[in-house]
Asker: 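This is the structure I want to talk about, given as structure tokens.
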2 protein chains.
Amino acid sequence: MTASALDILAQHNLRKTAVRAQVLDIFLDSREALSHNDIEAHFNQVDRITLYRTLKTFEEKGVIHKAIDGGEKLKYALCSGHCSEHAHEDHHAHFHCDQCGKTVCIESMHIPAVQAPAGYQLSGAYLVLKGTCATCT
Amino acid sequence: MTASALDILAQHNLRKTAVRAQVLDIFLDSREALSHNDIEAHFNQVDRITLYRTLKTFEEKGVIHKAIDGGEKLKYALCSGHCSEHAHEDHHAHFHCDQCGKTVCIESMHIPAVQAPAGYQLSGAYLVLKGTCATCT
DNA sequence: TGTTTAATGCAACGTTGTTTCATTTGGCAA
DNA sequence: TTGCCAAATGAAACAACGTTGCATTAAACA
């Protein structure tokens, strides 16, 4: 069984509202990292501000995480299930296509263990691949 | 001998102007990745638009490169000497401090060779470390 | 059903970045 | 040195992005 939008909201103790359910559905459908703009485009109409707040809330509650892709825009992707309110566990690489601008999670590629330079304390690491994706080649 | 701002401009066939020299001096002094805002703060007064164009020109000519740090803002860092107008060679990791927000290049840490998933063509890879830097611990 | 609290929608505002055009300045040759 | 040309700068206007405060609406729960 695949998790539905309402399941996800329940799991994170979030109120079930129309906007939130729709946003989650968009993420579940597309399965790639989405920017604020991408999401807005999927709506017939939605309040920009509400969307900003929804994304912020989702991130704080561990539903989505920022997908660093080296592109211009900030994107978010659904967390894979191990994220919590307290810590995001986003230990896979992201691929950013220079052609279409899409960003996909590469769950299979784990970020190698790195050693921080002296005096530095590591809290996380991100690996971003750039190039041309399968559909753009 | 350390490269001066004017040397760098000459090496890249760029006109020696006051703004450009100052921007380069700021980069040479600070030796960390700087956002548009950081740079603007170092000036007594400078035209925002000119600064945007200066940074864009520098990037196109291989003087600076974008430093992906997973932070909110786009930052630039001086290229290490092997970048050209045609290709940036930015094969080292960046460290982003969550406390002070500074981003430094870790020249010593090279990005591991990764294998792209089937159908994907790789053009580059970025490795971003996050945590607390030496001065913030 | 009613109450409480969170989420939404709206207005206003601030920041960031781009485009267009007139002016100034650097580079180069006479 | 002088003058010309192309590039760089500065100013204005504009568009996109993002935040804050406040009134209204809707979800959760007794």
Side-chain angles (χ1 to χ4, degrees), chain A residues 4-27 33-64 66-76 85 101 103, chain B residues 4-27 33-64 66-76 85 101 103:
Chain A
S4 76
L6 294 184
D7 292 337
I8 295 174
L9 288 176
Q11 281 165 27
H12 292 86
N13 291 316
L14 290 167
R15 290 198 178 180
K16 296 163 191 171
T17 69
V19 174
R20 290 179 176 180
Q22 277 186 80
V23 170
L24 285 177
D25 279 336
I26 293 169
F27 273 113
L34 300 171
S35 67
H36 178 105
N37 217 334
D38 296 331
I39 299 169
E40 207 171 345
H42 279 79
F43 277 88
N44 294 339
Q45 80 165 51
V46 70
D47 190 56
R48 279 186 327 123
I49 294 93
T50 301
L51 196 44
Y52 279 118
R53 284 188 281 224
T54 301
L55 293 175
K56 181 184 278 187
T57 302
F58 279 179
E59 199 209 349
E60 288 169 359
K61 299 293 182 177
V63 180
I64 60 178
K66 286 179 183 150
I68 295 172
D69 70 352
E72 333 63 42
K73 307 202 167 182
L74 177 60
K75 293 189 177 180
Y76 293 97
E85 189 166 347
T103 301
Chain B
S4 76
L6 295 184
D7 292 336
I8 295 174
L9 288 175
Q11 280 166 28
H12 292 86
N13 291 317
L14 290 166
R15 288 198 179 181
K16 296 164 191 170
T17 69
V19 173
R20 291 179 176 180
Q22 277 188 79
V23 170
L24 285 177
D25 279 337
I26 293 168
F27 273 111
L34 300 171
S35 68
H36 177 105
N37 217 334
D38 295 332
I39 299 168
E40 206 172 345
H42 278 79
F43 277 87
N44 294 339
Q45 80 167 50
V46 70
D47 189 57
R48 278 188 328 122
I49 295 96
T50 300
L51 196 46
Y52 279 118
R53 284 189 283 225
T54 301
L55 293 174
K56 180 185 279 188
T57 302
F58 279 179
E59 199 208 350
E60 287 169 359
K61 299 292 182 177
V63 181
I64 60 179
K66 287 180 181 148
I68 294 173
D69 70 352
E72 332 65 41
K73 308 203 168 184
L74 177 59
K75 293 188 176 180
Y76 292 98
E85 188 167 347
T103 301

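In the text below, chain A, chain B and the rest are named by the order of the sequence lines, each starting its count at 1. Atom set for the values below is all heavy atoms of this structure, side chains included, hydrogens, waters and symmetry mates excluded.
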Asker: Whole-Å distance between C:dT16 C1' and B:K75 NZ?
Answerer: 16 Å
Asker: Can you see which heavy atom on B:F43 is nearest to which on B:V19, and at what distance?
Answerer: CZ-O, 4.1 Å
Asker: Distance check needed: D:dA7 P versus B:R20 CZ, whole Å only.
Answerer: 11 Å
Asker: Of the non-hydrogen atoms in B:A21 and B:L9, which two are nearest, and what is the gap between them?
Answerer: N-CD1, 4.3 Å
Asker: Going from CD1 on A:I8 to NZ on A:K16, what distance comes out if it is rounded to the nearest 0.5 angstrom?
Answerer: 12.5 Å
Asker: Under 4.0 Å from OP1 or OP2 of D:dC17: is there any side-chain N or O of A:N37 that close?
Answerer: yes
Asker: Taking all atoms of both residues into account, what is the closest heavy-atom pair of A:E40 and A:R48, and its distance?
Answerer: OE2-CG, 3.2 Å
Asker: May I ask you to decide if B:S35's main-chain N or O and B:D38's side chain share a donor-acceptor pair within less than 3.5 Å?
Answerer: yes
Asker: To the nearest Å, give me how far apart CD (A:E59) and C1' (D:dT19) are.
Answerer: 16 Å
Asker: Just by protein heavy atoms under 4.0 Å, how would nucleotides 17-25 of chain C read 5' to 3' in B, S and -?
Answerer: BBBB-----
Asker: Atom CG of B:L51 and atom C1' of C:dT15: how far apart are they, to the nearest Å?
Answerer: 15 Å
Asker: Between A:L14 (CG) and C:dA6 (P), how many Å, whole number?
Answerer: 12 Å
Asker: Take atom CG of A:D47 and atom P of D:dA23, then tell me their distance rounded to the nearest Å.
Answerer: 17 Å
Asker: Tell me which one of A:I39, A:V23, A:T103 satisfies side-chain contact (heavy atoms from CB on, under 4.5 Å) with A:L34.
Answerer: A:I39
Asker: Could you state the atom-to-atom distance from CD of B:E40 to P of D:dG10 in whole Å?
Answerer: 12 Å
Asker: If you look at every strand shown and take non-hydrogen atoms under 4.0 Å, does B:T54 touch a base, only sugar-phosphate, or nothing?
Answerer: sugar-phosphate
Asker: Considering just the side-chain nitrogens and oxygens of A:K16, establish if one lies under 4.0 Å of OP1 or OP2 belonging to D:dA28.
Answerer: no
Asker: Sequence neighbours excluded, which residues qualify as side-chain contact (heavy atoms from CB on, under 4.5 Å) partners of B:R15?
Answerer: B:T17, B:R20
Asker: Would you please confirm or rule out a distance under 4.0 Å between OP1 or OP2 of C:dA7 and any side-chain N or O of A:T50?
Answerer: no
Asker: Rounding to an integer number of Å, can you tell me how far B:H12 NE2 sits from D:dA7 P?
Answerer: 19 Å
